[in-house]
Amino acid sequence: MNIIRVKDVEQSAEKALEIYQNAVQHGAKVLGLATGSTPIPLYQKLATSQIDFFELVSINLDEYLGLDGEDEQSYRYFMTKHLFQYKPFKHSYVPDGKSEDHEAAIKAYDRIIAEHPIDLQLLGIGRNGHIGFNEPGTPFDSTTHIVNLTQSTVAANARFFEKESDVPTQAISMGIASVMSAKKILLIATGESKAEAVAATINGPITEDVPASILQKHSDVTIIIDEAAASKL
Ligand code: GLP
C-alpha cells in the first residue's frame, strides 16, 4: 500500500488530482467513481482542470435502491451535479436503482464492469470500513449485489436527506471482487471520523468485518489520508 499523508482536505484533493492527471496521461480509459462528501473537493478540481473525459468511460460504485437518476438524493444526480455537467464522459454508468428486475440490473452491471475493465477506482470509506456500499460481513468474492444498509451507514448518510427516515435502507453496489479487479485503486480518507476505519484498513487483520482491509492484498493501492484521518495509525 502506498500511503500518502497530507495535512488537510485541500491537500488531499491536490494529490488526488495529480494521480488523475497521471492516469489519464498514461492512457486510462475507464474510471471507477465514488460518491460521498470525501471526493467532492477532488471533483471540484477535476471540473476546472484541463483534463477531458470525452473519450473515457466512468463506472460508479453504487446507487440507492428506489431512487431514479432524477432524484436529487440519487448518486446519479450527485455525479451530474459535481462532475458530469462540467466534464462529460463518453458514457457514464451508475447502477440502476429504479429497475423493477433487480437480478437483471445486477447482471447488467457485472457485464458492464467485465466489458470495461477499470483502470483507476476511486474509493471513500465508511466509518465502519465499508467501501462502495459493501458493509462489514460482505464476502470478499462478491460482485454486484443488493445491500441492506447498516443503521450506522443510514445515520451517517442522513445528513444529505431532510430526515433520517427518508434515507433508503437498501442499495445496489459493486461487490468487493469488482472493486479489487481494478488495475489501480485510490482511497481518500479525511477527518477524525475515519481514523479508526483507516487504522483497521492499514494495520488490522484482513477480515470481512472491515471490508476495506482487503485492499492490503491489492498490488496497486494508494491511500491519501489527512492528519485527522491518520490520527489512530
Ligand atoms: C457512502 C458511499 C461510500 C462512501 C461513504 C463515505 O456510504 N456509498 O462510497 O465512501 O458513504 O462517505 P463520506 O465521504 O461522505 O464520508
Side-chain angles (χ1 to χ4, degrees), residues 6 8-10 12-13 16 31-45 58-67 69 71-79 81-83 92-97 109 113 118 120-138 142 144-161 164 166-176 178-180 182 185-198 200-201 210-215 221-226 228-231:
V6 297
D8 53 19
V9 169
E10 173 60 21
S12 75
L31 300 182
L33 299 177
T35 53
S37 47
T38 306
I40 294 177
L42 165 64
Y43 291 156
Q44 282 168 345
K45 290 199 184 294
S58 70
I59 303 185
N60 261 81
L61 283 168
D62 47 12
E63 179 60 283
Y64 286 115
L65 220 59
L67 302 189
D71 193 305
E72 290 188 19
Q73 310 297 350
S74 72
Y75 281 166
R76 160 71 75 177
Y77 189 94
F78 173 103
M79 290 307 304
K81 179 175 164 195
H82 293 288
L83 186 63
S92 283
Y93 296 101
V94 179
D96 183 0
Y109 216 62
I113 297 164
I118 297 171
L120 174 58
Q121 176 65 57
L122 179 63
L123 295 176
I125 186 167
R127 294 162 202 210
N128 58 7
H130 75 250
I131 48 177
F133 263 138
N134 294 289
E135 297 279 23
T138 305
S142 53
T144 306
H145 60 291
I146 303 289
V147 177
N148 294 318
L149 302 178
T150 63
Q151 183 46 39
S152 74
T153 298
V154 170
N157 289 346
R159 66 191 190 280
F160 299 110
F161 292 78
E164 192 169 321
D166 289 345
V167 186
T169 53
Q170 287 188 305
I172 175 166
S173 180
M174 255 188 213
I176 294 182
S178 333
V179 169
M180 288 293 281
I185 297 178
L186 170 63
L187 185 146
I188 306 174
T190 52
E192 168 83 51
S193 67
K194 304 296 172 63
E196 222 151 278
V198 164
T201 297
V210 181
S213 64
I214 189 69
L215 298 176
V221 177
T222 298
I223 302 189
I224 300 178
I225 37 176
D226 71 353
S231 59

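Both ligands and their constituent atoms are indexed starting at 1 by order of listing. Heads up: numbering here begins at 1 and tracks the sequence.
Of the protein's non-hydrogen atoms, Thr38 OG1, 2.5 Å is the one closest to atom 14 (O) of ligand 1. Scanning all protein heavy atoms for the shortest distance to atom 4 (C) of ligand 1 gives Thr35 O, 4.0 Å. At the shortest separation from atom 7 (O) of ligand 1 among protein heavy atoms lies His130 NE2, 2.7 Å. Scanning the protein for heavy atoms near atom 8 (N) of ligand 1, the closest one is Asp62 OD2, 2.8 Å.
Using a 4.0 Å cutoff on heavy atoms, Glu135 does not count as a contact of ligand 1.
Applying the side-chain contact (heavy atoms from CB on, under 4.5 Å) criterion to Ala16, with sequence neighbours excluded, gives Leu42, Leu186, Ile188, Ile224. In terms of the salt bridge (Lys or Arg N to Asp or Glu O under 4.0 Å) criterion, Glu135 has no residue partners (sequence neighbours excluded).
In this structure, Pro168 and Leu67 have side chains that are in contact, with non-hydrogen atoms separated by less than 4.5 Å. With contacts defined as side-chain heavy-atom distances shorter than 4.5 Å, the pair Ser37/Phe160 qualifies. Residues Leu123 and Leu215 meet the side-chain proximity criterion, which asks for heavy atoms closer than 4.5 Å.
For ligand 1 and Lys194, the ligand atoms under 4.0 Å from any heavy atom of the residue are 13 (P), 14 (O), 16 (O). The Asn157 neighbourhood of ligand 1 comprises atoms 1 (C), 7 (O), 11 (O), with distances under 4.0 Å to a heavy atom of that residue. Listed by number with element, the atoms of ligand 1 under 4.0 angstrom from any heavy atom of Arg159 are 13 (P), 15 (O), 16 (O). For ligand 1 and Phe133, the ligand atoms under 4.0 Å from any heavy atom of the residue are 1 (C), 7 (O), 8 (N).
Distance check, rounded to the nearest 0.5 Å: OG1 of Thr35 to CD of Glu63 gives 8.0 Å. To the nearest 0.5 Å, atom CD1 of residue Ile131 and atom OG1 of residue Thr201 are 8.0 Å apart. Atom CG of Leu33 sits about 6.5 Å away from atom CG of Leu83, to the nearest 0.5 Å.
Residue Glu63 does not touch ligand 1, judged by heavy-atom distances below 4.0 Å. Contact annotation: for Ile131 versus ligand 1, there are no heavy atoms closer than 4.0 Å. At a heavy-atom cutoff of 4.0 Å, ligand 1 is contacted by the backbone of Ile125 but not by its side chain. Of all the heavy atoms of Arg127, none lies under 4.0 Å from any atom of ligand 1, so neither backbone nor side chain is involved. Under 4.0 Å from ligand 1, not a single heavy atom of Ala34 appears. Only the side chain of Tyr75 comes within 4.0 Å of ligand 1, counting heavy atoms alone; its backbone N, CA, C and O stay farther away.
Within 6.0 Å of CD on Glu196 lie no more than 12 heavy atoms contributed by other residues, nucleotides or ligands.
Counting only non-hydrogen atoms, the option in Gly132, Gly124, Gly36, Gly126 that gets closest to atom 3 (C) of ligand 1 is Gly132.
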Dump the intermediate steps for side chain to side chain contact (heavy atoms under 4.5 Å, CB included) on Phe133 and Leu65, then the final yes or no. CA-CA 11 Å; Phe133 263 138; Leu65 220 59; over 6 Å; no

Check step by step if ring pair (Phe, Tyr, Trp, His ring centres under 6.0 Å) holds for Tyr109 and Tyr93. CA-CA 8 Å; Tyr109 216 62; Tyr93 296 101; 7.1 Å; no

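Every N/O-N/O distance between Thr153 and ligand 1 stays at or above 3.5 Å.
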